[in-house]
Engineer: 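Quick one: this structure, given as structure tokens, is what I'll be asking you about.
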Amino acid sequence: ASAMWINGIDGGLKISSGRVVPFLSRPALPALLLPSGGHLFSSNAICQAFVDGLFCMLCVQPALLQALHMAVLQGKATEASKILQGPLSYLDQCLSKGTTPCLTEVNYDICAVLRSLALSLAFAPPGEWRCVQAWFERLAGEEACQAAVLKVLPGKGLEVLKPFVQRQPAPASSQRRDPQSCNSTASEVEMEAAALTWSRGLTACTEPPEKSHPILPQEGRRNLLLTSALPYVNNVPHLGNIIGCVLSADVFARYGRLRGWNVLYVCGTDEYGTATENKAREEGLTPQQICDKYHAVHAEIYSWFQVDFDFFGRTTTPKQTEIAQDIFWRLHERGFLLEDTVEQLRCEGCRRFLADRFVEGGCPHCSYPEARGDQCDKCGKLINAVELKNPLCKVCSKTPIIQSSKHLFLDLPKLESQLEQWLDKSTAAGDWTPNAKQITRSWLRDGLKPRCITRDLKWGTPVPHPDFKDKVFYVWFDAPIGYLSITANYTDQWEKWWKNPEQVELYNFMAKDNVPFHSVVFPSSLLGAQDNYTLVNHLVATEYLNYEDTKFSKSRGVGVFGDMAKDTGVPSDVWRFYLLYVRPEGQDSAFSWADMALKNNSELLNNLGNFINRAGMFVTKFFEGCVPAMELLAEDKTLLAQVGWELRQYISLMDKVKIRDGLKHILNISRHGNQYIQINEPWKKIKGGDQDRQRAGTVTGVSVNIACLLSVLLQPYIPTTSRTIREQLNAPAACVSTMLHAGGSFVCSLPAGHAIGTVSTALIAHALVGPLVGPLVGLKVGLYL
């Protein structure tokens with residue numbers, strides 16, 4: 001506001017407690033409605049729109065958040081001030097040299113800079129950073145800025161920020177490192193072994209061939225069949241859905257292809273059940289029209305997130321009916337189905353039994369008045385619909401009656417012994433996540449009970465039994481069969497994948513709430529069918545990704561949804577990077593706008609992007625675009641040993657589907673590289689004598705080779721950026737298969753004389769003219785120097 005006032009801008013600033021930006025589930029202030037209908041929801045971007053060329057220096061912000069956390073929550077003001085020494089010294093130097101016109105002129109960009117500098121100076125010892133102090137004093141003299149400071153810090157000092165800081169994720173100290181990964185001492189044997197591996201260069205291997213469809217299992221190769229839990233078609237997927245299922249599987253599929261494995265990755269929309277019927281009623285469409293509409297929405301979102309399915313199908317197909325009914329008859333013929341009577345709620349006005357989402361009432365556990373017939377959204381407990389207090393039909397609002405209905409059940413107790421024998425082998429030999437094992441064992445601990453597989457609905461796969469012709473299959477029985485039918489719609493040779501356990505390894509990706517259906521119920525159905533089905537070898541389940549300080553919720557519209565992420569204008573690689581950085585592998589994690597900005601600035605830009613760009617630019621600027629000759633010293637060999645160790649850890653973790661931990665080793669490599677460049681200062685040595693110039697050449701050559709390695713390791717995570725780096729470095733195709741072969745080999749893939757391509761200063765070409773993703777923290781989108 002003060003910036004707009006000072007610059008004579010009448011922006012019609014309005015404060016609103018409602019939803020300001022339509023595609024955000026929470027208000028994000030300030031927000032500016034553009035003539036085009038779009039929104040800017042960062043003060044930095046808004047000021048750019050008003051005053052061309054104003055872009056503040058936000059390098060203080062990541063360090064400031066860390067300092068605030070220490071000073072406000074831990075009471076360590078002295079330690080906090082040390083964190084800001086580097087960034088503020090840099091700003092002071094820029095001001096003294098006049099290289100930051102947005103700060104040296106009497107223009108005041110945004111309140112974020114005011115807040116950053118004001119709070120930074122609160123930590124600073126008197127007399128330091130004279131230029132910054134002088135700029136701030138000029139700024140503080142402005143009436144508008146005085147009013148803004150009084151509004152933000154109304155005489156209470158830093159304590160006023162305590163509620164804000166408490167809501168932010170604890171910043172990870174840039175000084176914390178895995179002691180093994182940053183151990184600067186390597187034995188002489190390790191150093192010489194790393195140098196020998198490096199000297200071997202690339203082998204004759206070529207890049208993995210382009211996919212040729214249909215992909216089928218091959219003799220003598222590792223054949224991986226990957227599935228991700230089928231997303232419900234009745235809504236737009238949120239970030240928790242995306243990271244828990246499709247994105248995690250996509251990263252592993254890309255990694256598997258780089259490793260030379262034969263990978264088939266299938267997914268699709270789960271389209272039957274009450275959720276679809278209910279959504280159709282709400283939107284005035286038929287269930288099929290709802291499925292068609294939202295299948296397209298899902299496909300578009302996943303395509304934007306660069307999820308590389310081999311086939312993305314759906315469950316409303318003839319193949320689904322054919323395969324589901326075949327499994328049903330095989331279970332029936334072998335005596336694994338039971339008949340029983342169930343008490344259900346029936347609406348006389350609608351003349352139908354009310355499935356879970358067609359009835360609401362008071363929760364019998366917590367008395368929440370809008371609990372569904374299957375689960376309470378407030379307390380999360382499962383509910384039998386007849387237990388609801390004061391139930392009402394959602395269609396006509398009449399009170400239903402209780403009536404009995406005959407149904408079919410899967411006889412799980414009869415299959416329990418077979419299931420346990422199979423589980424013992426699968427969990428021992430495969431890579432099951434700890435939560436998947438724990439949840440599965442909890443189901444078995446008290447003994448399995450028969451599970452109903454039919455429902456009184458119209459929208460579903462019809463039950464072929466003549467005594468149950470008015471019923472459909474329960475979605476939990478029907479939906480997992482969608483993996484088979486989707487593959488059958490991909491290729492008529494689908495049984496080579498799904499009835500071939502000797503040659504095929506099956507990976508299931510999901511969130512933890514889907515585990516019992518994939519580890520107990522679905523395997524029991526396939527075991528009972530006795531048709532040599534491929535059962536899951538590796539069950540990979542994430543914990544939950546929360547949204548800020550609450551839970552994602554489709555029904556309540558809380559969180560960031562796939563279409564909203566696209567509408568921010570932030571590239572999908574940035575979203576992929578952050579979601580994978582906070583992937584809830586061992587415990588629940590949270591998406592935070594402020595943390596996303598922090599991780600983008602500190603890791604993606606200042607660490608990874610800074611190193612790769614400097615390495616490439618040094619080759620272009622100092623050596624006419626050709627990799628210089630390299631003469632390795634002990635220091636260089638130590639670095640090669642460190643990078644080689646990180647590479648081997650990356651491969652070991654990724655082989656075990658430890659995706660988040662694998663990413664940390666990539667970032668460790670670039671940290672080693674940044675430290676190596678800073679210590680050796682090739683930009684100074686290139687101006688010296690022959691020995692210094694040779695040293696500059698060695699450092700540059702080693703660094704650009706590390707950048708090439710990083711381009712390979714990043715491919716599963718941020719594929720567009722990875723491809724851009726490799727193109728700019730003119731990297732040989734063989735670098736992929738050579739460096740990821742077996743346990744990993746860091747070799748010289750760009751030898752002396754190798755001509756690199758045109759190195760751009762932006763690895764993610766995205767100018768900061770659109771929205772920044774955070775009301776309090778600026779997000780610099782793009783990798784640049």
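If you read the sequence from its start, that first residue is 1, and numbering goes on from there.
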Engineer: Before you tell me yes or no, could you show the steps for Gln306 and Asp573 under side-chain hydrogen bond (donor to acceptor under 3.5 Å, both in side chains), namely the whole-Å CA-CA distance, both residues' side-chain angles and the distance that decides it to 0.1 Å?
Structural biologist: CA-CA 8 Å; Gln306 304 177 74; Asp573 267 6; 2.8 Å; yes
Engineer: List the steps, then state whether side-chain contact (heavy atoms from CB on, under 4.5 Å) holds for Leu740 with Tyr650.
Structural biologist: CA-CA 10 Å; Leu740 291 182; Tyr650 167 88; 4.2 Å; yes
Engineer: Considering all heavy atoms of both residues, which atom of Met191 and which atom of Ala634 are nearest to each other, and what is their separation?
Structural biologist: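 In terms of heavy atoms, the two residues are closest at CE-O, 3.4 Å.
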Engineer: Do Arg441 and Asp424 meet the salt-bridge criterion of a basic N to acidic O distance under 4.0 Å?
Structural biologist: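 Answer for the salt bridge query: yes.
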Engineer: Are Phe517 and Phe522 near enough that their ring centres are under 6.0 Å apart?
Structural biologist: no
Engineer: Would you please classify the geometry between the Phe312 ring and the Tyr302 ring as parallel, tilted or perpendicular, with 30° and 60° separating the classes?
Structural biologist: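 If you compare the ring of Tyr302 with that of Phe312, the planes turn out perpendicular.
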Engineer: Using 30° and 60° as the class limits, which term best fits the ring planes of Trp575 and Trp593: parallel, tilted or perpendicular?
Structural biologist: perpendicular
Engineer: Using modelled atom types and a 3.5 Å cut-off, is there a donor and acceptor pairing between side-chain atoms of Asn223 and backbone atoms of Arg221?
Structural biologist: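 Checked: pair present.
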Engineer: Any side-chain heavy atom of Leu750 sitting closer than 4.5 Å to one from Pro732?
Structural biologist: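 Yes. Closest side-chain heavy atoms under 4.5 Å.
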Engineer: Please name the pair of heavy atoms, one in Cys245 and one in Met510, separated by the smallest distance, quoted to 0.1 Å.
Structural biologist: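 Closest approach of Cys245 to Met510, heavy atoms only: SG-CA, 3.9 Å.
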Engineer: With under 30° as parallel and over 60° as perpendicular, where do the rings of Phe561 and His238 fit, or are they tilted in between?
Structural biologist: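 Correct class here is perpendicular.
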Engineer: Might you point out which heavy atoms bring Arg576 and Tyr717 nearest each other, and give the distance in Å?
Structural biologist: NE-O, 2.7 Å
Engineer: Taking NZ in Lys425 as the centre, count heavy atoms belonging to other residues, nucleotides or ligands within less than 6.0 Å. Is the count above 12?
Structural biologist: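 No, NZ of Lys425 has 12 or fewer neighbouring heavy atoms, counting only those of other groups under 6.0 Å.
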Engineer: Would you confirm whether the ring centroid of Tyr490 sits within less than 6.0 angstrom of the ring centroid of His213?
Structural biologist: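 Yes, the ring of His213 comes within the 6.0 Å limit of the ring of Tyr490, centre to centre.
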Engineer: Does the pair Glu585/Lys658 count as a salt bridge with the N-to-O cut at 4.0 Å?
Structural biologist: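 No, no charged N to carboxylate O under 4.0 Å.
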Engineer: So which atom in Ser228 and which in Tyr483 form the shortest heavy-atom distance, rounded to 0.1 Å?
Structural biologist: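 Where Ser228 meets Tyr483 most closely, the heavy atoms are O-CE2, 3.6 Å.
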Engineer: Is it the case that the ring center of Trp498 lies less than 6.0 angstrom away from the ring center of Tyr533?
Structural biologist: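 For Tyr533 and Trp498, the ring centres are not under 6.0 Å apart.
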Engineer: What heavy-atom pair brings Thr534 and Leu506 nearest, and what distance separates the two atoms?
Structural biologist: O-CD2, 3.9 Å
Engineer: Are any non-hydrogen side-chain atoms of Phe591 and Val582 less than 4.5 angstrom apart?
Structural biologist: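 Phe591 vs Val582: side chains apart.
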Engineer: Considering all heavy atoms of both residues, which atom of Val619 and which atom of Val627 are nearest to each other, and what is their separation?
Structural biologist: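 So the two residues come closest at CG1-N, 4.0 Å.
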Engineer: Can you tell whether the side chains of Lys551 and Asp588 come within less than 4.0 Å, N to carboxylate O?
Structural biologist: no
Engineer: Indicate whether the side chain of Asn680 and that of Glu635 have a donor and an acceptor atom separated by less than 3.5 Å.
Structural biologist: yes
Engineer: Output yes when a side-chain donor or acceptor of Asn674 lies under 3.5 Å from a complementary backbone atom of Asn610, and no otherwise.
Structural biologist: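 Such a contact is absent between Asn674 side chain and Asn610 backbone.
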Engineer: So, does Ser426 use its side chain to make a donor-acceptor pair with the main chain of Leu423 at under 3.5 Å?
Structural biologist: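 Between the backbone of Leu423 and the side chain of Ser426 there is no qualifying donor-acceptor contact (under 3.5 Å).
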Engineer: Side chains of Glu646 and Val643: closer than 4.5 Å at any heavy-atom pair?
Structural biologist: no
Engineer: Walk me through it: do Leu202 and Val747 pass the test side-chain contact (heavy atoms from CB on, under 4.5 Å)?
Structural biologist: CA-CA 7 Å; Leu202 295 178; Val747 301; 3.8 Å; yes
Engineer: For atom CD of Glu543, is the number of surrounding heavy atoms from other residues, nucleotides or ligands below 6.0 Å larger than 12?
Structural biologist: yes
Engineer: If you count every heavy atom of other residues, nucleotides or ligands that lies below 6.0 Å from Glu420 atom CD, does the total exceed 12?
Structural biologist: yes
Engineer: Take Cys267 and Leu230 through the test side-chain contact (heavy atoms from CB on, under 4.5 Å) and record every step on the way to the result.
Structural biologist: CA-CA 6 Å; Cys267 187; Leu230 306 182; 4.3 Å; yes
Engineer: With a 4.5 Å cut-off on side-chain heavy atoms, are Gln642 and Tyr676 touching?
Structural biologist: no
Engineer: More than 12 heavy atoms of other residues, nucleotides or ligands under 6.0 Å from CD of Glu188: yes or no?
Structural biologist: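 It does not: Glu188 CD has 12 such atoms or fewer within range.
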Engineer: Salt-bridge test for Glu603 and Arg671: reply yes if a basic N is under 4.0 Å from a carboxylate O, no otherwise.
Structural biologist: yes
Engineer: Report the relative orientation of the aromatic rings in Phe509 and Phe252; use parallel for angles under 30°, tilted for 30 to 60°, perpendicular for over 60°.
Structural biologist: tilted
Engineer: As a test of understanding, state which of Asp250, Asp655, Ile659 forms a side chain to side chain contact (heavy atoms under 4.5 Å, CB included) with Tyr255.
Structural biologist: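 Single side chain to side chain contact (heavy atoms under 4.5 Å, CB included) partner of Tyr255 among Asp250, Asp655, Ile659: Asp655.
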Engineer: Should Arg259 and Ile651 count as side-chain neighbours, where that means a heavy-atom distance under 4.5 Å?
Structural biologist: yes
Engineer: Does atom CD of Gln587 have more than 12 heavy-atom neighbours, drawn from other residues, nucleotides or ligands, at distances under 6.0 Å?
Structural biologist: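 Counting neighbours around CD of Gln587, 12 or fewer heavy atoms of other residues, nucleotides or ligands fall under 6.0 Å, so no.
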